[in-house]
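As the structure lists them, so they are numbered: ligands from 1, and atoms in each ligand from 1. Quick caveat, the model's predicted, so the values are computed rather than measured. Values reported hereafter were calculated over all heavy atoms of this structure, with side chains retained and with hydrogens, waters and symmetry mates removed.
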Amino acid sequence: MTDVDLAAADHLLTTTRAVRRRLDLDRPVEPQVLLDCIRIAQQAPTGGNAQGWSFVVVTDPDKRAGLARLYREATGDRFHLAQQNAREQQTARVYGAAQYLNDVLDRVPVHIIPCLKGRVEGQPPGSVAGFYGSILPAVWSLQLALRARGLGSAWTTMHLYREAEAAALLGIPADVTQVALLPVAYYTGETFSPADRPPPETVTHWDSWGNQPG
Ligand SMILES: Cc1cc2nc3c(=O)[nH]c(=O)nc-3n(C[C@H](O)[C@H](O)[C@H](O)COP(=O)(O)O)c2cc1C
């Protein structure tokens with residue numbers, strides 16, 4: 001027995017995709033719905049229950065334009081070239097969508113930059129894992145909560161190549177690490193399907209590496 005509606009939970013978990021082309025660029029997002037989603041994200045686990053997270057929500061058009069400029073400086077023509085050189089159709093589609101997002105980023109009504117207090121440069125692997133492990137589950141919870149309310153988002157990291165400039169633009173303190181930039185908007189259309197993934201047995205190692213289950 002479980003108190004979870006398994007069908008609804010599985011549907012949410014398997015159909016929360018990177019939304020780029022279907023972001024409604026014209027519909028504003030109510031601040032309250034964003035706070036509701038951040039409240040849910042705050043339920044995520046953190047190492048030592050530290051809860052050192054912050055979520056910088058950017059709706060100011062000039063600041064979004066500034067972030068989009070930094071993002072584009074970092075991407076250059078990388079997505080365009082990757083799309084042209086892709087061997088598989090699915091990969092070409094992803095890079096085409098990434099290029100589209102790159103081009104319209106300033107017009108996406110909300111950017112959310114999840115942050116974590118601390119810097120991890122030069123730390124040993126365990127510390128790095130503990131650090132990012134204390135924010136990334138919250139980011140995914142945020143994306144799931146947004147999706148459940150009709151809002152799409154996409155995990156992006158390109159602006160982090162210009163992290164210091166983004167920090168200056170938004171007044172983010174020097175001892176705080178930005179971990180992503182989520183463009184957020186209501187999505188258009190209701191058709192979301194699970195992505196193609198290989199059978200779980202092919203990525204599962206039972207008792208020792210290389211040992212398949214069953
Ligand atoms: C760590 C990470 C970094 C990513 N960076 C970018 C990015 O900078 N720009 C972008 O358009 N998508 C980015 N993505 C989105 C991935 O391209 C996307 O998740 C992947 O293609 C799978 O698609 P799906 O999420 O719809 O299953 C990133 C995803 C992750 C997890």
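- With Tyr100 as the aromatic partner, Arg20 does not meet the cation-pi criteria of under 6.0 angstrom to the ring centre and within 45 degrees of the ring axis.
- Placement of Leu182 and Val19 in two distinct hydrophobic clusters is found when ILVMFWY residues are connected by side-chain heavy-atom separations under 4.5 Å, directly or transitively.
- Residue Ala41 comes nearest to Ser141 through the heavy atom pair CA-CB, 3.9 Å, listed as atom of the first residue, atom of the second, then distance.
- Contact annotation for atom 22 (C) of ligand 1: protein absent (non-hydrogen atoms, distance under 4.0 Å).
- Remark: minimum distance from atom 3 (C) of ligand 1 to any protein heavy atom is reached at Thr157 OG1, 3.4 Å.
- Near Ala98, meaning under 4.0 Å from any of its heavy atoms, are these atoms of ligand 1: 11 (O).
- Ligand 1 has an N or O atom lying under 3.5 Å from an N or O atom of Arg17, backbone or side chain.
- Summary of contacts: the protein heavy atom closest to atom 18 (C) of ligand 1 is Arg20 NH2, 3.8 Å.
- Around atom 31 (C) of ligand 1, the closest heavy atom drawn from Trp155, Trp140, Tyr71 belongs to Trp155.
- For atom 28 (C) of ligand 1, the nearest protein heavy atom is under 4.0 Å away.
- The nearest protein atom to atom 19 (O) of ligand 1, hydrogens excluded, is given as Ala18 CB, 4.2 Å; this is a heavy-atom distance.
- Residue Val94 has at least one heavy-atom neighbour below 4.0 Å for each of these atoms of ligand 1: 21 (O).
- For ligand 1 and Arg197, the ligand atoms under 4.0 Å from any heavy atom of the residue are 27 (O).
- Ring centroids of Phe192 and Tyr187 are separated by less than 6.0 Å, placing the two rings close together.
- Relative to the ring axis of Tyr161, Arg78 places its NZ or CZ within 45° and under 6.0 Å from the centre.
- Here the shortest heavy-atom pairing between Cys115 and Gln178 reads SG-CG, 4.0 Å.
- A salt bridge links Glu163 to Arg119: one of the charged nitrogens lies within less than 4.0 Å of a carboxylate oxygen.
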